[in-house]
There are 2 protein chains.
Amino acid sequence: MTKANVENPNSAPIEAWARLHRASNTILERVEVKLKAAGFPPLSWYDVLLELRKAEGHSLRPVEIEKRTLLAQYNVSRLIDRIVAAGYAEKRKSSEDGRGVRVCLCPEGEDLLVKMWPIYRQAVQTEFADHLSQGETETLSLILKNLLSQIVEVK
Amino acid sequence: MTKANVENPNSAPIEAWARLHRASNTILERVEVKLKAAGFPPLSWYDVLLELRKAEGHSLRPVEIEKRTLLAQYNVSRLIDRIVAAGYAEKRKSSEDGRGVRVCLCPEGEDLLVKMWPIYRQAVQTEFADHLSQGETETLSLILKNLLSQIVEVK
DNA sequence: TTGATATAGATGCAATTGCATGAAAAATCA
DNA sequence: TGATTTTTCATGCAATTGCATCTATATCAA
C-alpha cells in the first residue's frame with residue numbers, strides 16, 4: 001500500500017461516498033430551487049405530507065413521521081407545527097396514548113401534494129434521470145435499495 | 001400507464017432519487033456523529049481544508065472553494081471565518097485581485113486533516129462500504145461519476 | 001401498587017443557513 | 001476615458017437546525 005492510500009482520502013469507498021454525497025446534494029438543491037420558484041414549500045414538507053397520505057387514515061404520530069423521514073425528533077416537532085400553521089395538516093390529541101399527538105392530513109395538504117407532484121417529478125427527471133440511462137438508473141436504485149435495507153429500519 | 005404512475009411519486013427515477021437522497025443523508029449523519037464524538041469539527045471543515053491542501057501553494061480564493069465544495073457563497077464566507085478563527089487557516093489579501101482574499105492552510109490545518117482522516121475513513125467504511133460488495137461500490141461509484149460529470153463543473 | 005426507567009413531544013437558546021443586499025474592485029463597452 | 005455591468009466577498013436579519021433539557025405519560029420490575 002502506498003503512502004497516499006494511508007494519508008489521503010482517496011480510497012475507493014471514500015471516493016464512492018464523496019460522489020454519493022455530492023450528487024445527492026447537488027440534485028437536492030436544484031430540485032428545491034425549482035419547487036421554490038414554483039411557489040412551493042421545501043421538499044421536506046412534501047415528504048411529510050406524502051407519508052401522511054400513505055398512512056392508514058391519513059394520519060400518523062410524530063414519532064412515526066420521524067422514523068419514516070429520518071428527520072430528528074425536534075425537527076419533526078417544529079416542521080409539523082409549520083405545516084399545521086400553513087393549514088396543510090392538523091394536530092389532534094392521541095386517543096390511545098396520553099403523551100401523544102396525531103397529525104392528520106387536511107384536504108389542503110392533499111391538494112398541495114397533487115400540485116407539487118408534476119413539478120417535483122419534472123425536476124427530478126431534468127436534474128437527475130436525464131443524465132442516466134435507464135439501466136444505470138435501475139442499477140443505482142437496486143444498489144441503494146440493498147444498502148438502505150441494511151442501514152435503516154423503514155423502507 | 002396507470003393512474004398511480006401519474007399521481008404518485010413512485011416512478012422509477014423518483015424512487016432512485018429518493019434512495020440516493022436517503023442513503024446520502026443517513027450516512028452523512030452517522031459519519032458526522034462519529035467525527036463529533038471524536039472531538040472533530042464537521043465534515044465541511046474537512047472538505048475545505050482538503051481542497052486547500054490539494055491546491056497549488058496550499059491556498060485558494062473563496063470563490064474557488066465555493067466551486068469545489070458546492071457550498072453557497074455566503075456559507076463559504078462564514079465557514080472560512082470559523083476555520084480561520086479556529087486557527088486552521090488564515091486569510092490574506094489577494095495580490096492579483098483587489099476584491100479578493102486568499103485562504104491559506106496553516107500547519108494546524110494540515111494536522112487536523114491527518115488526525116481526522118482515520119476516523120473519517122473508518123466511519124465511511126462502517127456506515128457505507130461494509131454494506132456493499134466491492135463490485136457494488138465500484139458500480140455505484142462509476143455511475144455517480146458519470147452523473148456528476150454531466151451536472152457539475154468541478155470534479 | 002410503587003418506584004424506576006423509557007418514550008413522546010415541546011421548547012429555550014445558541015449555531016448555522018438562506019435571503020437580500022451592500023461595498024469594492026475588475027471587466028466590459030460605448 | 002467614463003459609464004455600466006460583473007465579479008468577489010461580507011453581513012444584517014429572519015428562518016431553520018442542533019443541543020440540551022423539560023414535562024407528561026407509559027411501561028416495567030419488584
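Any value given below was found using the heavy atoms of this structure, including those in side chains, with hydrogens, waters and symmetry copies removed. In what follows, every chain begins at residue 1, and chains take the letters A, B, ... in the order their sequences are listed.
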Can you hop from A:Phe40 to A:Leu50 via hydrophobic side chains spaced under 4.5 Å? yes
For A:Arg102 and B:Asn75, find the nucleotide of DNA chain C closest to each by heavy atoms; which residue's nucleotide sits nearer the 5' end? A:Arg102
Donor-acceptor pair between B:Thr126 and B:Gln122 side chains, under 3.5 angstrom: yes
Do A:Leu132 and A:Leu142 belong together in a cluster built from hydrophobic side chains that touch within less than 4.5 Å? no
Donor-acceptor pair between B:Arg19 and A:Ser141 side chains, under 3.5 angstrom: yes
Under 4.0 Å from any heavy atom of chain A: name the first and the last nucleotide of DNA chain C that qualifies, 5' to 3'. C:dT7 to C:dC19
Check the surroundings of atom CD in A:Gln150: do more than 12 heavy atoms from other residues, nucleotides or ligands lie under 6.0 Å from it? yes
If the condition is side-chain contact (heavy atoms from CB on, under 4.5 Å), which residues does B:Ser24 pass it with, not counting sequence neighbours? A:Trp17, A:Leu20, A:His21, A:Ser24, A:Asn25
Short of 4.0 Å, heavy atom to strand atom, which residues of residues 89-101 of chain A count as contacting DNA chain C? A:Lys91, A:Arg99, A:Gly100, A:Val101
Close N/O contacts between protein and nucleotides 19-23 of chain D (under 3.5 Å):
residue : atom : partner : partner atom : Å
D:dC19  : OP1  : B:Lys36 : NZ           : 2.4
D:dC19  : N4   : A:Arg78 : NH2          : 3.4

Derivation and outcome, side chain to side chain contact (heavy atoms under 4.5 Å, CB included), residues B:Tyr46 and B:Trp117: CA-CA 9 Å; B:Tyr46 189 90; B:Trp117 168 236; 3.4 Å; yes
Could you tell me, to 10°, how much the axis swings from one end of the helix from C:dT1-D:dA30 to C:dA30-D:dT1 to the other, five pairs per end? 30°
Check A:Glu64 with A:Lys67, please: is the shortest side-chain N to carboxylate O separation under 4.0 Å? yes
With sequence neighbours left out, which residue pairs that include part of residues 34-45 of chain B fulfil the side-chain hydrogen bond (donor to acceptor under 3.5 Å, both in side chains) condition? B:Lys34-B:Glu127
Look at A:Asp47 together with A:Arg68 and state whether they make a salt bridge at an N to O cut-off of under 4.0 Å. no
For B:Arg102 and B:Ser59, test the side chains for any donor-to-acceptor distance below 3.5 angstrom and give the result as yes or no. yes
Under the salt bridge (charged side-chain N to carboxylate O under 4.0 Å, His left out) rule, what do A:Asp81 and A:Lys91 come out as? Steps first, then yes or no, please. CA-CA 9 Å; A:Asp81 284 347; A:Lys91 287 206 277 192; 2.7 Å; yes
Quick one: do B:Arg92 and B:Glu90 make a salt bridge, cutoff under 4.0 Å? yes
In whole Å, I'd like the distance from the CG atom of B:Leu71 to the P atom of D:dC9. 14 Å
